[in-house]
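Read the structure below first, then the notes.
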There are 2 protein chains.
Amino acid sequence: MDRLIELVNLAIKISAEEEQIIRSYFEKVEIKNKTELLRQGQKSNQLYFIEKGLIHTYYYHDDKEVTSWFYAEENFVTSWYSFLSQAPSFEYLRALEDTTAHTITYSKLQQLYKECPAFERFGRILAEQNLAFLESYSKGYMFLSAKEKYDLLNATIPDITLRVKLGQIASFLGISQETLSRLRSKK
Amino acid sequence: MDRLIELVNLAIKISAEEEQIIRSYFEKVEIKNKTELLRQGQKSNQLYFIEKGLIHTYYYHDDKEVTSWFYAEENFVTSWYSFLSQAPSFEYLRALEDTTAHTITYSKLQQLYKECPAFERFGRILAEQNLAFLESYSKGYMFLSAKEKYDLLNATIPDITLRVKLGQIASFLGISQETLSRLRSKK
DNA sequence: TTTCTTTTTTGATCTACGTCAAATAAAGGC
DNA sequence: GCCTTTATTTGACGTAGATCAAAAAAGAAA
């Protein structure tokens, strides 16, 4: 939780009192590896801040699991589309390692925004940062070769390649397992 | 401007007084077709709300112009990455038709957020909606065939196909002009 | 209309990456 | 350790869409 407060403080200045309010809204949870946190079709009700561990969002395409994103330490995770628009999720959420996180429900978050406008500013900035990042990431993606996509992932989420299996990396990159395997073998 | 106020009111309720404050911050501009509103490398300082007309963001890849997005009526436009993080833009911004818009600078927007917390909530919701949309759009994109990408664009920005030339559509879709032309010819 | 320029279409190849199938290798369970 | 399951690698072949080139069509200028 300390790291979360640090991040908030980095974006906006908050008082000790505000800090206490914010802390009181989050709850610490321990999540076992492979725990399913959300299923497709459900409405995402929880936002997680990862202290330690790894979570991914995924969906099925032609009966095969496709990872849409990996979330490691110091990131907020949920099925963003579902959480933000409170609509059924098109993806699953699952822990890929034993994970320690701090969580808040959608309705409590709205309450917190009302009680603490400074935190609403943080919410805006967080959404804006995510938007700016996703925009530049997805735009740059279009003309990349399989190899370049792989290198970009490694630069964006260091070590991810060592933490999850090849098939999941390949599905995230939108290339076949075989192509990724061949890619890795030569240099 | 009326439509902008309507949209704000749809997301959050605002008082007549707040409405006046918001109105006072925006300025109406007429933009001639082909006007360059931002160049790569510059910092995006203006946010536009399009009342009438069409604007696109684009960049160069292998010396060829690639459209990253088309923005039509009732949308906010800027180079989002650059505007939100106040960093140099990796893309250009240009009018594709004579356009009527309402504009606000970055610093005035920050001022407005301070003067009117209700509008800061609107800013958060707008960023969240954009994020949710972009997330679902880009995730769905990966496994689409050229034809499916074309159909998705038509569903997302109706009529866009009639308003801009084929080469720009193709570059947006990430396919070659020739492929798009062949696609259109059969059915 | 005629001429010049830009855009779109059509045709003939080429290629990165996919798919299918089978061989290894690594990881768990007992 | 040995066996079963799961993950990775390797090989042969197929394909959507790229690229290059040139013809046809549509717009602009005058």
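Reminder, nothing fancy here: chain letters follow the sequence lines and each chain counts from 1.
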With a 4.0 Å cut-off, would you call [X] and [Y] a salt bridge?
X: A/E73; Y: A/R163; answer: yes
X: B/E19; Y: B/R23; answer: yes
X: B/R94; Y: B/E65; answer: yes

Rounded interatomic separation in angstrom, taking [atom1] from [X] and [atom2] from [N]:
X: B/H61; N: D/dA18; atom1: NE2; atom2: C1'; answer: 12 Å
X: A/D62; N: C/dG18; atom1: CG; atom2: C1'; answer: 12 Å
X: B/L180; N: D/dT19; atom1: CG; atom2: P; answer: 14 Å
X: A/K147; N: C/dC17; atom1: NZ; atom2: P; answer: 12 Å
X: B/K64; N: D/dT19; atom1: NZ; atom2: P; answer: 6 Å
X: A/E178; N: C/dA22; atom1: CD; atom2: C1'; answer: 12 Å
X: A/E65; N: D/dA7; atom1: CD; atom2: C1'; answer: 14 Å
X: B/L166; N: D/dA25; atom1: CG; atom2: C1'; answer: 13 Å

Neighbour count above 12 (heavy atom, 6.0 Å) for A/F26 CZ: yes

Of the nucleotides [options], which one has an atom closest to the side chain of [X]?
X: B/S181; options: C/dG11, D/dA18, C/dT8; result: C/dT8
X: A/K165; options: D/dA7, D/dT19, D/dG11; result: D/dA7
X: A/A146; options: C/dT9, D/dT10, C/dC17; result: C/dC17
X: A/Q177; options: D/dT9, C/dT8, C/dT19; result: D/dT9
X: A/R182; options: D/dT9, D/dA18, D/dA12; result: D/dA12

Contact summary for A/L7 and A/E74, nearest pair of heavy atoms: CD1-O, 4.0 Å

C/dT19 phosphate, OP1 or OP2, under 4.0 Å from A/S176 side-chain N/O: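 Result: no.
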
